[in-house]
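Just so it is clear: chains get the letters A, B, ... in the order the sequence lines come, proteins before strands, and each one is counted from 1.
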Protein chains: 2
Amino acid sequence: MANVTVPRTKRGVERRATLLKAAEKVIGEKGFSAASIADITREAGTALGTFYIYFPTKEDVFRQLVLEMGHVTRTTVTKAIAGVSDRLQAEKAGLRAFLSFVGDRPSLYRIVEEARFVDPDAYRAYFTGFADAYADRLRAAAADGEITEGDPEVRAWALMGIAKTLGDRFVLWEEKPDLDLVVDSAFDLIRDGMGPRE
Amino acid sequence: MANVTVPRTKRGVERRATLLKAAEKVIGEKGFSAASIADITREAGTALGTFYIYFPTKEDVFRQLVLEMGHVTRTTVTKAIAGVSDRLQAEKAGLRAFLSFVGDRPSLYRIVEEARFVDPDAYRAYFTGFADAYADRLRAAAADGEITEGDPEVRAWALMGIAKTLGDRFVLWEEKPDLDLVVDSAFDLIRDGMGPRE
DNA sequence: TGCAATTATGAATACTGATTCATGTTTCAA
DNA sequence: TTGAAACATGAATCAGTATTCATAATTGCA
């Protein structure tokens, strides 16, 4: 629970950041168990013991990475949505921003998913926080008549599920994903559904 | 790749099944790394070494479990859909069946998700196989005018994403999930989308 | 500048747990 | 019934690696 401690020297702050980047890379690539502290410090160019000056345990860096992902994702999506006044179009912009982000930092993305097994509490906190904010947005949009009524909670999770899965399949698994196609198709589904119009 | 070998005696067949059940329980509860072979054999009531008579490695039982999940899920969803002639309603029935299944065998469900890290190939094979069949159904339904046109590939993955996430949030995290609410809300979204009708 | 607090180092410690193996026991086809 | 093939056992092996620690080197404030 601790580790809100910031290093006291400039060098310390840099080292910590270096180690965190290294951890992101190594853990993202090899997975939590397979990634050893030695791998991380080698990648960071420090001695083995240095790691423990900044992080009490291996689980702890991992938690830090999950938290970082939380911040960055929020920031990214929020920024992408900010300019868009049409709330339905904001959905589209948010989805696109999320998928781009997955492409930019695949390691962080994988780490969050692995958190489910490595640090269930962090995983839950991450998605719950995200979903709650999402549900609020949907509720407000429905109140204003910009989208139809419908359970905001279920909708929020369903939409997050779409984003996650499309990220897996069309961003992580594809060399050169066609984001436009994916985003457009998904958005059409989100806006109109699949049911034939009478 | 091997291990298509079936035990030669009745006792052997039973033992193998016992070990597989035990592995499902233990790995599902503790996760792949934390679950030890000793845990599994203890749960199964056999000696440690017995495990290696039936499975070459720990990874191997894991793979078997992923395969089993593939069979069972397919069977379950296929059966649920079978009777329903309306293809849109079939979506709903399939979703409900999947969510019930997650509630019935949470361990298997978690194992498939963990496969992403433990055995990426098995994970990919599992979901790709599923998605391909799904996309075919959607394509056929669209051709018959039972649902609107739209990229079947993207739709298939998006719908799978909805099912997965709702399973996480409303089945695994809830003591007594209200499946009706979840399925109804999600289905409304899938059928009509959120866009206001002009 | 000088020194107390910080930070760096990597060899040594400690422990966990997958896999093997030599030695019995059980099964079942002939 | 019987003996060769299958199967069961669990102590011992073996490897990996998280974490500690005693010993320097740096830093930055008084």
Side-chain angles (χ1 to χ4, degrees), chain A residues 1-65 111 114 117-119, chain B residues 1-65 111 114 117-119:
Chain A
M1 272 293 116
N3 201 263
V4 252
T5 325
V6 163
R8 308 289 164 74
T9 70
K10 193 184 166 199
R11 181 181 55 161
V13 172
E14 284 162 0
R15 271 278 199 269
R16 200 191 126 100
T18 305
L19 283 165
L20 209 53
K21 282 285 170 236
E24 175 182 335
K25 178 169 186 208
V26 175
I27 296 180
E29 280 171 1
K30 312 178 69 165
F32 182 77
S33 329
S36 69
I37 305 296
D39 289 332
I40 295 173
T41 53
R42 192 177 312 118
E43 174 73 29
T46 74
L48 183 48
T50 305
F51 178 89
Y52 289 93
I53 293 171
Y54 299 103
F55 307 99
T57 63
K58 190 179 170 185
E59 277 77 11
D60 191 77
V61 229
F62 190 85
R63 186 177 7 261
Q64 302 303 324
L65 290 171
I111 286 167
E114 193 167 12
F117 304 101
V118 176
D119 188 337
Chain B
M1 273 293 112
N3 199 267
V4 252
T5 326
V6 164
R8 308 292 164 71
T9 68
K10 192 186 167 201
R11 182 181 55 161
V13 173
E14 285 162 359
R15 269 279 198 270
R16 199 190 125 102
T18 304
L19 282 165
L20 209 53
K21 282 285 169 234
E24 175 183 335
K25 177 169 186 207
V26 174
I27 296 180
E29 280 171 1
K30 311 179 71 163
F32 182 76
S33 327
S36 69
I37 305 298
D39 289 333
I40 296 173
T41 52
R42 193 175 313 118
E43 173 73 29
T46 73
L48 222 202
T50 305
F51 177 89
Y52 290 92
I53 294 170
Y54 299 102
F55 306 100
T57 64
K58 190 180 169 184
E59 277 75 14
D60 191 78
V61 229
F62 191 85
R63 185 175 11 261
Q64 301 305 322
L65 289 172
I111 286 167
E114 194 167 11
F117 304 101
V118 175
D119 189 337

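For the pair A:R8 CZ and D:dC29 C1', the computed distance is 14 Å after rounding to whole Å. As a whole-Å value, the separation of A:D39 CG from D:dT17 C1' is 10 Å. Rounded to an integer number of Å, the gap from B:R16 CZ to D:dA6 P is 16 Å. In this entry the distance linking NZ of A:K58 with C1' of D:dT20 reads 17 Å, nearest Å. Between the OH atom of B:Y52 and the P atom of C:dA22 there is a distance of 17 Å, rounded to whole Å. As a whole-Å value, the separation of A:F55 CZ from C:dT7 C1' is 14 Å. In this structure, B:Y54 places its OH atom 12 Å from P of D:dA6, rounding to the nearest Å. Between the P atom of D:dT27 and the CD atom of A:E14 lies a distance of 10 Å, rounded to the nearest Å.
Shown here for A:Y54 and A:G12, the closest heavy-atom pair between the two residues is OH-CA, 3.2 Å. Taking all atoms of both residues into account, the shortest heavy-atom contact from A:I40 to A:L19 is CG2-O, 4.0 Å.
Checked by atom type, the side-chain pair B:D39/B:S36 shows a donor-acceptor distance below 3.5 Å.
Comparing C:dA11, C:dT7, C:dT9 by their closest approach to the side chain of A:L48 singles out C:dA11.
Map B:A38 and B:K10 each onto its nearest nucleotide of DNA chain C; the residue landing nearer the 5' end is B:A38. Between A:T57 and B:R11, the one whose closest nucleotide on DNA chain D sits nearer the 5' end is B:R11. Nearest-nucleotide assignment on DNA chain C puts the 5′-proximal partner with B:I37, out of B:T9 and B:I37.
The backbone N or O of B:A44 sits nowhere less than 3.5 Å from a side-chain atom of B:K21 that would complete a donor-acceptor pair.
Residues B:E43 and B:E29 are not in side-chain contact: their nearest non-hydrogen atoms beyond the backbone lie 4.5 Å or more apart.
Looking at heavy-atom distances under 4.0 Å, B:A35 makes contact with sugar-phosphate atoms alone, never a base. Using a 4.0 Å heavy-atom distance criterion, A:T50 is classed as a base contact.
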